[in-house]
Amino acid sequence: MPFALSGILRPTVPATSSRSDFRGVRRSRTNVSFLSTTTNSNSRKICASLSPSSPSFDSDSTSTTVAAAGGKVLIPGGESQESTPPAIEDPQVADKDHKVFEDVIILPTEVESAIGIEQKSVSSETLVEVDSAIEFEQNSVASETLVEVDSAIEVEQKSVASETLVEVDGAIGVEQQSFASETLVEVESGELPESLTTEKIDEPMEEKLGVIPPPGSGQKIYEYDPQLEAHRAHLDYRYSQYKRLRELIDEHEGGLEPFSRGYEKFGFIKSDNGVTYREWAPGAKWAALIGDFNNWNPNADVMTKNEFGVWELFLPNNADGSPPIPHGSRVKIRMDSPSGVKDSIPAWIKFSVQAPGEIPYNGVYYDPPEEERYIFKHPRPKAPKSIRIYESHVGMSSTEPKINTYANFRDDVLPRIKRLGYNAVQIMAIQEHSYYGSFGYHVTNFFAPSSRFGTPDDLKSLIDKAHELGIIVLMDIVHSHASNNVLDGLNQFDGTDTHYFHSGSRGHHWMWDSRLFNYGSWEVLRYLLSNARWWLDEYKFDGFRFDGVTSMMYTHHGLAVGFTGNYNEYFGLATDVDAMVYLMLVNDLIHGLFPNAVTIGEDVSGMPAFCIPVKDGGVGFDYRLHMAIADKWIEILKCQLCDGGVGFDYRLHMAIADKWIEILKLKDENWKMGEIVHTLTNRRCLEKCVGYAESHDQALVGDKTIAFWLMDKDMYDYMALDVPTTPRIERGIALHKMIRLITMGLGGEGYLNFMGNEFGHPEWIDFPRGDQRLPNGSVIPGNNYSLDKCRRRFDLGDADYLRYRGMQEFDQAMQHLEEKYGFMTSEHQFVSRQDEGDKMVVFERGDLVFVFNFHWNNSYFNYRVGCSKPGKYEVVLSSDDGWFGGFDRIDPKAEYFTSEGRYDNRPRSFSVYAPNRTAVVYALCDE
């Protein structure tokens, strides 16, 4: 039965079953590849044999999983590594009663040269004395050693394979000169310029990596925030742990840069002579590599284990020089583990697939021919000063009820994002995840892009196209937890509970039903740091949105905890110092090697110094995802039919999105202007935030988007322009625009929108699912695995006969307004009026004056608003414009002249007409 992936039809192949003539030698067979039509029938000798203690396995195999369609990728080159594998953590070290402040980090017992990577900064004497290093009595490193390490880091960086080093005119992030002002005009008009669509560059794009700086003093945070002085002991201890770990990595690995290239040491490493496969699995008692290439014979390619728990196998090239594992071969590692014999997908696998109708995934050896590998042609755009993020999911980005592809997203969605005025796309669900309904947050294969949407090369092509359009690409990366899937993921990979994760309850997230990483493990640090670098280096992502950071930072994971802003909540025994140090390391790594990269942390707790540089003592993120505003809006809208209001507090509980949820519960007369302004502006000094009115969370089944809260079922019948409107539709469209604009205006230095919400997408997101039977016998109905509600109806926003079009046009105008004036990152912000009676909010951001009238009935003539600069003002954006679904009550050509004299604590003012449920933005004329 044939199956298709990314539009490529591939025949299925029956499972092969063959018995070897004697154990340890592979019989002649055809090398089956599901990503290539090339076959090879050459037999070869086996370099590894069964160990005396290994169990006896029958060579029959009934595996029937089929691989996906092929693609193009650049595989880092490397020579055969025949030496001893690296030092590895003892799997028994993890302890369920582990104390947060315990002065322990699980270190390797041997330096990285054990797997054939020369470390010039570590002498041979160090190799002998490493055991003493595990005692962790090293409190300092001599200054001359630090100099040597720093030098070694630079040397190591120069040794990276030329394919992965990229030079862009001697600098990182060279601005693309092709995006001139006339280009912006063409894009705004809805037509992509020819230079963006027809230019072809044959030469591969190159870039140059930066250098990871040494640790700083970590003391400036006390200057930035004097309240931190009371917690100096905790913060100094945290920073000392970070510095100590940096020193140990320098000593034993040659620096953070080579340490983060674990993908060149583990997994499949191709060389001129063959392929080396290494896996860290200390709990396994026996291991063999199986797959299509050896007819799934567990006795054919048996691996050897060193004293540190690393299994290794070298497969020489075939007699004709062809690779021992054909491109597209399905592969797994079979292990005899404490939990029994199990087949696992290699932990460092770069691609994995699930055949239609089958449950388990299979790893795929992905190494396409040179001519089929995708070559990047366009440099990374410079990181924008004001970041406007379009949150996206490739699979649900089609207007049709199907799982969309990387190629279709590249061709159809990226031009839309550019036209709308967003300068960044944040893509969810990139890392492979067996369960589609997890939204990509239950990751099974951390180094593999999801095969549901296409091949690795399809993803590279998508990113390259975004760069051509001047859009940076952020990845929604999950390092906070992992899927508990034992078949496909890391859970009990080597048959133990403590391999990559904490043991006992500390290693399980009871709400997410997932596993929690042990950030105190040396090999876990290598794995996660290498994972972050892999996506930036191999796929050219421009940064990350780190998911679930609050869960990482606290042993209680932020569950059932109401953060009030009291600093005692952030610095105590509930803080996971190991996780904090990892976050500092990964930000150090990213910003050192990729200075133009952007990191955003999803934190709902308000952790102080979250966005302060690591060298100054902070965690190192560029932005905090400000999550309270959306919840506040929805809270208000949910009670819009209630008689009374609700009691508010000023806690940093879920942030901006939460605030809007809260507001949307209320009747209009109970909307508190002060509450709204406080939630939007409640963020820490010197720390940038990305604000949003709603994200994918509010669009999921069981919740409602802002548009749905506002208009409910009327959206089904009254959104056509040739149908009479209703008061609910008029109110909903007006407030939808106002909520988004005030969120962008006051909510942070960045803005985020989930795809489709810009035009008030109807319906919710419901992933395909069947009925779920609970232990108590009750059944949660499914949707018969339908994809009907798992798509985005972009056609509704484009239809000129529907009211959705006006909402989309307003969002586009809002983005282009910010592009022109850059008000989100302006240092000048002043809220001059929060009038509870008039329901008015007036504020200045940059050189703009924003005027909001939230009153449901009252419009105000000659309403005076304060301003700072004298002169003539004009309207640059009005939510009441007829093109945006408004009533054209604002004259776009009117001029407004200032009067001297203080008003609302401003030195001057001017008078305006403020219609009800309208937002207007005024700008000072240039003349």
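Using modelled atom types and a 3.5 Å distance limit, the side chains of Asp488 and Asn485 yield a donor-acceptor pair. Judged by distance alone, the side chains of Glu253 and Trp522 do bring a donor and an acceptor atom under 3.5 Å apart. Looking only at atom types and distance, the side chain of Asn783 has no donor-acceptor partner in the side chain of Ser786 under 3.5 Å away. Of the N and O atoms on the side chains of Ser483 and Tyr435, not one donor lies less than 3.5 Å from an acceptor on the other residue.
With hydrogens and angles ignored, the 3.5 Å screen pairs a side-chain donor or acceptor of Asn491 with a backbone N or O of Asn484. Between the Ser438 side chain and the Gly440 main chain, a donor and an acceptor come within less than 3.5 Å of each other. A donor-acceptor distance shorter than 3.5 angstrom exists from the side chain of His442 to the backbone of Trp512, with no hydrogens or angles considered. A donor-acceptor pair under 3.5 Å links the side-chain atoms of His393 to the main chain of Gly395, judged by distance alone. Looking at Arg533, its side chain never comes within 3.5 Å of a backbone N or O of Ser530 through a donor-acceptor pair. Here the side chain of Lys270 pairs no donor or acceptor atom with the backbone of Thr276 at under 3.5 angstrom. When atom types are taken as modelled, the side chain of Trp311 and the backbone of Ala281 share a donor-acceptor pair closer than 3.5 angstrom. With Thr599 contributing its side chain and Phe544 its backbone, the two residues share no donor-acceptor pair below 3.5 Å. Side-chain atoms of His502 do not come within 3.5 Å of backbone N or O of Gly507 as any donor-acceptor pair. A donor-acceptor contact shorter than 3.5 Å links the side chain of Glu391 to the backbone of His696.
Of all heavy-atom pairs spanning Gly558 and Thr550, the tightest one is CA-CG2, 4.1 Å. Closest approach of His499 to Pro282, counting heavy atoms only: NE2-CD, 3.7 Å. Counting all heavy atoms, side chain and backbone alike, Gly548 lies closest to Glu602 at N-OE1, 2.6 Å. Contact detail for Val586 and Ala532: the closest heavy-atom pair is CG2-CB, 3.8 Å. Of all heavy-atom pairs between His481 and Phe446, the closest is O-CZ, 3.9 Å. Of all heavy-atom pairs spanning Trp535 and Ile477, the tightest one is CD1-CD1, 4.3 Å.
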| task | Could you walk me through whether Phe453 and Leu462 pass side-chain contact (heavy atoms from CB on, under 4.5 Å), step by step? | result | CA-CA 11 Å; Phe453 319 135; Leu462 183 161; over 6 Å; no
| request: Starting from the C-alpha separation in whole Å, work towards a yes-or-no answer on salt bridge (charged side-chain N to carboxylate O under 4.0 Å, His left out) for Asp494 and Lys285. | output: CA-CA 9 Å; Asp494 67 348; Lys285 297 175 286 186; over 6 Å; no
| message | Would Ser480 and Phe546 count as a side-chain contact (heavy atoms from CB on, under 4.5 Å) here? Give the steps. | response | CA-CA 8 Å; Ser480 51; Phe546 279 83; over 6 Å; no
| said: The test is side-chain contact (heavy atoms from CB on, under 4.5 Å); show your working for Ser344 and Lys332 and say whether it passes. | reply: CA-CA 6 Å; Ser344 296; Lys332 283 191 174 183; over 6 Å; no
| request: Give the intermediate values and the outcome of salt bridge (charged side-chain N to carboxylate O under 4.0 Å, His left out) for residues Asp547 and Arg545. | output: CA-CA 6 Å; Asp547 177 68; Arg545 178 257 197 194; 2.9 Å; yes
| query | Checking salt bridge (charged side-chain N to carboxylate O under 4.0 Å, His left out) for the pair Lys305/Glu312: CA distance, chi angles, key distance, verdict? | reply | CA-CA 6 Å; Lys305 178 184 180 182; Glu312 181 172 348; over 6 Å; no
| message | Walk me through whether Asp497 and Arg515 qualify under salt bridge (charged side-chain N to carboxylate O under 4.0 Å, His left out). | response | CA-CA 10 Å; Asp497 187 53; Arg515 296 306 310 272; 3.0 Å; yes
| query | Under the side-chain contact (heavy atoms from CB on, under 4.5 Å) criterion, do Phe541 and Ile463 qualify, and how do the steps go? | reply | CA-CA 7 Å; Phe541 278 97; Ile463 295 171; 3.6 Å; yes
| message | Working note: Tyr365 + Phe351, criterion ring-ring contact (aromatic ring centres under 6.0 Å, His included); need CA distance, chi angles, decisive distance, verdict. | response | CA-CA 7 Å; Tyr365 180 73; Phe351 196 47; over 10 Å; no
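With respect to Glu432 and Arg452, a salt bridge is recorded, a charged nitrogen being found less than 4.0 Å from a carboxylate O. Ion pairing between Arg334 and Asp343 holds under the 4.0 Å rule for side-chain N and carboxylate O. Between Asp576 and Arg506 there is a salt bridge, since a side-chain N of the basic residue sits under 4.0 Å from a carboxylate O of the acidic one.
The CD atom of Gln426 sits 5.0 Å away from the CG atom of Asp476 when rounded to the nearest 0.5 Å. Ile403 contributes atom CD1, which lies 5.5 Å from atom CG of Leu787 (distance to the nearest 0.5 angstrom). Here the CE-NE2 distance, from Met552 to His479, works out to 8.5 Å after rounding to the nearest 0.5 Å. Rounding to the nearest 0.5 Å places CG of Asp458 at 7.0 Å from OG1 of Thr405. Here OG of Ser434 is found 6.5 Å from CG of Asn445. Values are rounded to the nearest 0.5 Å. Interatomic distance, CD of Gln354 versus OH of Tyr436, reported as 12.5 Å (0.5 Å rounding).
Judged by the 6.0 Å and 45° rule, Lys350 forms no cation-pi pair with Tyr366.
Atom CG of Leu774 has more than 12 neighbouring heavy atoms from other residues, nucleotides or ligands inside a 6.0 Å radius.
For an aromatic pair to be called close, the ring centres must be under 6.0 Å apart, and Phe447 with Trp348 satisfies this. Between Tyr527 and Tyr500, a ring centre-to-centre spacing shorter than 6.0 Å is recorded.
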